Amino acid sequence: MAEDKLPTRAQDFSEWYNQLVLKAQLADYAPVRGCMIVRPYGWALWENIQSALDRRFKATGHQNVAFPLLIPKSFIEKEKHHVKGFSPELAVVTIGGGEELAEPLVIRPTSETIIGHMWSKWIQSYRDLPVLMNQWNSVVRWELRTKLFLRTLEFYWQEGHTAHATREEAVEETKQMLDVYTDFAVNDAAIPVIPGAKSDAEKFAGAEVTYAIEALMGDGKALQSGTSHFLGQNFAQAFDVKYLDQNGQLQYCWTTSWGLSTRFIGAIIMVHGDDQGLVMPPKLAPTQVVIVPIYKTDEEKASVLKTAKELKAQLVKANLRVTLDEREGFSPGWKFNDWEMRGVPVRVELGPRDVAKQAAMLARRDKPGREGKFSASLADLPATIEKLLAEIHQSLFDKALAFRRANTHETLNYDDFKKAVETGFAFAFWCGSGDCEASIKEETRATMRCIPLDPDAVLGHGSASGSGACVYCGKPAAHRAIFGRAY
RNA sequence: CGGGGCGUAGCGCAGCCUGGUAGCGCGCCUGCCUUGGGCGCAGGAGGUCCCGAGUUCAAAUCUCGGCGCCCCGACCA
């Protein structure tokens, strides 16, 4: 239920976020520290994210699979970077059926190892390749500091895993899936992202190259919203994943993995949300249209509800996700606020006056108050609403992109850089050295978010120059990189 | 793991210092009234005061021990 008002984002962004997640009933705290219960409204959003991604995965030839939750501990230890990266955050099972286990099992933090193990059995010939798999599951990483959706001990995600005959093909796959994530973020979630490569310090434990989509949240902090890894032959060698090529030569496979998690829900909240609450991107919104009936007398109620039900049927037929709010005992005004807090893109207000003239009042969530309200005739409401949803999607994206650009500064010296990361992204030349990166992190709390694949798209206009000096050490720069404080 | 805060009705909190009938707001239930931007009135239900031990005639309150959660920091493909 909606009760008191939220703190504003300006007052306390973190508290705004926490309260919103609880009040909008997206999720709740579990009895175990750091764990999250995803409630129906949050899960419905996740299901829409899943289907938007899943159809893209299928369209690019991937098949879904299910690998087990428990992995022999020794598997994790086979790839040296992987074990180093993950061992501090593993949950380990040492007792089963009341007996101490001969070999401890870990709860998967990700499935590269067990998949590699099985691939070594399944893959023998170049004819078996490529292998293109994905699984929807949850994983566990024992994080110290948690926050609903953004970082929890257990989280839901998809992990794609592929094996290829050549380096080129695997690199191609890695980039293709990064494109899939970008396309999803932009076209379904209305979130502008910067696709780019991670530094060695920030990449996945065991990857040769990690790519990510980075988004800027409403408080100026960065959120890595999806990742795609080129794993080289690291896991293939560790798990002996080999195939016989056309020339009868035994070769190691080249593998990739890529994932996007319920963390993305955090991005949706923090990119689009406002002081009234959530703002759902229309294509992912669990409810796209809410109908709020208004009446005083029983006769009015009967006639309004009859029309409302017909209207709902009409909208459902047009493939819209519709909720008719028939709850008794709540005033229309209360319902308006409630659905606004939950971020429903379009509200239809239907009262006796509207029924009389075969019309309804429409209100769009992205334009608060009178400005976003107008009357539309019932006859062509499905078409009107479909058009409106498309407009809302576009305006959410435009607004988010404008915000990101306004808070992304091309910085040529360290003073400007320090100022820029206070409020958003700094776009700066970087020599590529891990020492500079570490010093920057130490001094500014900002990390290297990514080296954009398309640097010119970052600012949306031509930038100062194509080459320059490292913003920290002044040596000739190898890269132009995005820095920011991150979640 | 360091620093801070907190644990009392479903939620948010007061009471604790100075021991003596467990309270307020919201929510919930019933009825009436209202409903086009978070209505109102009346009545009602709901408590192992985080757990354990101690002091005391008497503990939510004092003492000791434990557990848990939140925030900040460290840490975090």
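Numbers restart at 1 for each chain; the letters A, B, ... are given by sequence-line order, proteins then strands. Being a predicted model, the structure only gives us computed values, none of them experimental.
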*Can you say whether the rings of A:Phe264 and A:Phe184 are parallel (under 30°), tilted (30 to 60°) or perpendicular (over 60°)?*
tilted

_In this structure, is the centre-to-centre distance between the rings of A:Tyr156 and A:Trp43 below 6.0 Å?_
yes

*Between B:C11 and B:G27, how far is it from one C1' atom to the other, in whole Å?*
7 Å

*Give A:Glu202 one of three labels, base, sugar-phosphate or nothing, depending on what nucleic acid heavy atoms sit under 4.0 Å from its own.*
sugar-phosphate

*Complementary nucleotide of B:G37, counting Watson-Crick and G-U pairs under 3.5 Å*: none

*Take atom C1' in B:A74 and the same atom in B:G15, then report the distance between them in whole Å.*
37 Å

*Any N or O donor-acceptor pair linking the side chain of A:Arg151 to the base of B:C76 at under 3.5 Å?*
yes

*May I have the distance from A:Asp28 (atom CG) to B:C70 (atom C1'), rounded to whole angstrom?*
14 Å

Pairs under 3.5 angstrom only: tabulate donor-acceptor contacts from the side chains of residues 231-239 of chain A to other protein residues two or more places apart or in another chain.
| from | atom 1 | to | atom 2 | distance (Å) |
| --- | --- | --- | --- | --- |
| A:Gln233 | NE2 | A:Tyr252 | O | 3.0 |
| A:Asn234 | ND2 | A:Gly206 | O | 2.9 |

May I have the list of side-chain donor-acceptor pairs in residues 343-356 of chain A shorter than 3.5 Å, sequence neighbours left out?
| from | atom 1 | to | atom 2 | distance (Å) |
| --- | --- | --- | --- | --- |
| A:Arg347 | NE | A:Glu349 | OE2 | 3.1 |
| A:Arg347 | NH1 | A:Glu340 | OE2 | 3.1 |
| A:Arg347 | NH2 | A:Glu349 | OE2 | 2.9 |
| A:Glu349 | OE1 | A:Lys373 | NZ | 3.2 |
| A:Glu349 | OE2 | A:Lys373 | NZ | 2.9 |
| A:Asp354 | OD2 | A:Gly351 | N | 2.8 |

*asked:* Base of B:G36, side chain of A:Lys335 - is there a donor-acceptor contact under 3.5 Å?
replied: no

*Is a side-chain donor or acceptor of A:Thr210 paired with a backbone partner of A:Phe204 at a separation under 3.5 angstrom?*
yes

*What integer distance in Å separates A:Asn18:CG from B:C11:C1'?*
16 Å

*Counting only distance, no hydrogens or angles, is the base of B:G37 paired donor-acceptor with the side chain of A:Arg347 under 3.5 Å?*
yes

*Sub-4.0 Å heavy-atom contacts from residues 288-297 of chain A onto RNA chain B, ordered by number*: A:Ile294, A:Tyr295, A:Lys296

*Residue whose nearest RNA chain B nucleotide is more 5′ - A:Arg353 or A:Ala486*: A:Arg353

*Using both distances under 3.5 Å as the test, list the Watson-Crick or G-U wobble partner of B:C26, or none.*
B:G10

*Using the C1' atom as the reference point in each nucleotide, state the distance between B:U55 and B:G12 in Å, no decimals.*
34 Å

*Answer yes or no: side-chain N or O of A:Asp354 and base N or O of B:G36 forming a donor-acceptor pair under 3.5 Å.*
yes

*In terms of the nearest nucleotide of RNA chain B, which residue is placed more toward the 5' end: A:Arg445 or A:Tyr487?*
A:Arg445

_Between B:G19 and B:U56, how many Å separate the two C1' atoms, rounded to a whole number?_
9 Å

*Qualifying salt bridge (charged side-chain N to carboxylate O under 4.0 Å, His left out) pairs, either residue in residues 255-275 of chain A, two or more places apart*: A:Arg9-A:Asp275, A:Asp274-A:Arg365

*Over how many whole Å does the gap from A:Gln19 atom CD to B:G12 atom P extend?*
10 Å

_Distance in angstrom units between A:Arg141 CZ and B:C76 P, rounded_ = 14 Å

_For a quick check under 3.5 Å, do A:Glu443 and A:Tyr414 share a side-chain donor-acceptor pair by atom type?_
yes

*For the pair made of CD in A:Glu349 and C1' in B:G38, what is the distance, rounded to whole Å?*
14 Å

_Say we look at B:C62 and B:G68: how far apart would their P atoms be, to the nearest angstrom?_
23 Å

_Roughly how many Å apart are B:U8 and B:U61, using the C1' atom of each and rounding to a whole number?_
11 Å

*Close approaches to RNA chain B from residues 80-94 of chain A, in residue order (heavy atom, under 4.0 Å)*: A:Phe86, A:Glu89

*For B:C62, which nucleotide in any strand shown is its Watson-Crick or wobble partner with both distances under 3.5 Å?*
B:G54

*asked:* Both distances below 3.5 Å, Watson-Crick or wobble geometry, any strand: find the nucleotide opposite B:G73.
replied: B:C1

*On a whole-Å scale, what distance lies between the C1' atoms belonging to B:C71 and B:C17?*
26 Å

*Integer angstrom distance from the C1' of B:C51 to that of B:A45*: 28 Å

_If only side-chain N and O atoms count, and only distance matters, is there a donor-acceptor pair under 3.5 Å linking A:Gln224 with A:Tyr487?_
no

*May I ask which nucleotide in the shown strands pairs with B:G47, Watson-Crick or G-U wobble, both distances under 3.5 Å?*
none

*Rounded to the nearest Å, what distance is computed from the CG atom of residue A:Asp325 to the C1' atom of nucleotide B:U35?*
13 Å

*Quickly work out the A:Leu144 CG to B:C72 P distance and round it to whole Å.*
14 Å

*Can you tell me how far CD of A:Glu214 sits from CZ of A:Phe425, rounded to the nearest 0.5 angstrom?*
6.0 Å

*Taking C-beta and beyond as the side chain, do A:Asp54 and A:Asn134 meet within less than 4.5 Å on heavy atoms?*
yes

_ring pair (Phe, Tyr, Trp, His ring centres under 6.0 Å) partners for A:Phe149, two or more places apart_ = none

